[in-house]
Amino acid sequence: QVQLVESGGGLVQAGGSLRLSCVASGRTFTSYVMGWFRQAPGKEREFVAAIGWSTGNTYYADSVKGRFTISRDNAESTVYLQMNSLKSEDTAVYYCAAKKPAGSLYRREAYDYWGQGTQVTVSS
């Protein structure tokens with residue numbers, strides 16, 4: 001049974017930092033792309049960042065480039081999202097997701113597995 005378990009969310013002031021973690025289990029994810037998405041109240045779930053598990057190639061939404069960093073620890077089967085210089089508009093539930101190589105990594109419909117989400121709230 002595939003599981004993606006996020007942690008690390010919380011309340012932080014604008015300008016602060018948080019690091020989200022996603023522990024993956026239940027199968028081998030070597031060929032997968034791991035992504036982070038977020039969903040704010042009343043808005044659609046949107047792409048934040050992604051990383052190729054084996055290649056380490058990274059991809060970012062324009063809104064987070066230069067502030068967020070996605071990384072992975074193969075030995076720990078964990079993907080991280082380091083979030084710096086947080087803004088109030090970053091407030092959302094953040095989801096970890098995994099997809100097979102086919103399909104656009106920017107589209108949520110292409111992802112096969114999802115975590116339960118972790119809340120990030122940035123106060124201004």
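The model shown is predicted, which means the values in this text are computed figures rather than measured ones. Here, residue 1 is the first one in the sequence, and each next residue gets the next number.
Using a 4.5 Å heavy-atom cutoff, the side chains of Leu4 and Tyr95 are not in contact. Side chains of Thr91 and Gln119 form a contact here, defined as non-hydrogen atoms less than 4.5 Å apart. Counting heavy atoms from C-beta on, the side chains of Leu20 and Tyr80 never come closer than 4.5 Å. Side-chain atoms of Trp36 and Val79, non-hydrogen and from C-beta on, do get closer than 4.5 Å to each other. At least one side-chain heavy atom of Leu81 sits less than 4.5 Å from a side-chain heavy atom of Val48.
The same ILVMFWY cluster, assembled from side-chain heavy atoms under 4.5 Å apart, contains both Tyr111 and Tyr106. Note: the hydrophobic cluster containing Phe47 does not contain Trp53 (ILVMFWY, side chain heavy atoms under 4.5 Å, direct or indirect links).
Ring centers of Phe37 and Trp114: under 6.0 Å apart, within the cut-off.
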Practice problem: Decide side chain to side chain contact (heavy atoms under 4.5 Å, CB included) for Lys99 and Leu105; before the verdict, give the C-alpha distance in whole Å, the side-chain angles of both, and the deciding distance to 0.1 Å. | Solution: CA-CA 8 Å; Lys99 65 175 291 295; Leu105 56 86; 4.1 Å; yes
Exercise. Give the C-alpha distance, both sets of side-chain angles, the deciding distance and a yes or no for salt bridge (Lys or Arg N to Asp or Glu O under 4.0 Å) between Lys65 and Asp62.
Key: CA-CA 5 Å; Lys65 273 181 188 173; Asp62 288 343; 3.2 Å; yes
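To the nearest 0.5 Å, atoms OG1 (Thr69) and CG (Asn84) are separated by 6.5 Å. Residue Ile70 holds its CD1 atom at 11.5 Å from CG of Asn57, rounded to the nearest 0.5 Å. Atom CD of Glu89 is separated from atom OG of Ser124 by 9.5 Å, given to the nearest 0.5 angstrom. The distance from the CZ atom of Arg67 to the OG atom of Ser17 is 10.5 Å, given to the nearest 0.5 Å. The distance from the CG atom of Leu18 to the CZ atom of Phe68 is 9.0 Å, given to the nearest 0.5 Å. With values rounded to the nearest 0.5 angstrom, Met34 atom CE is found 4.0 Å from Cys96 atom SG.
At distances below 3.5 Å, at least one donor-acceptor pair connects side-chain atoms of Thr118 with backbone N or O atoms of Gly9. Using a distance-only test at 3.5 Å, with no hydrogens or angles considered, a donor-acceptor pair links the side chain of Glu6 to the main chain of Gln116.
Nearest heavy atoms, Ser104 versus Ala110: O-CB, 3.3 Å. Across Met83 and Val120, no two heavy atoms sit closer than the pair CE-CG2, 3.8 Å. Residues Val33 and Ala50 share a closest heavy-atom pair of CG1-CB, 3.9 Å. Nearest approach of Thr28 to Thr30, heavy atoms of both residues: CG2-OG1, 3.1 Å.
Side-chain contact, Thr78 with Asp73: no donor N or O sits under 3.5 Å from an acceptor N or O. Side chains of Arg38 and Tyr94: a donor on one and an acceptor on the other come within 3.5 Å.
With respect to the salt-bridge test (charged N to carboxylate O, under 4.0 angstrom), the residues Glu44 and Arg108 qualify.
Applying the side chain to side chain contact (heavy atoms under 4.5 Å, CB included) criterion to Ala40, with sequence neighbours excluded, gives Lys43, Ala92.
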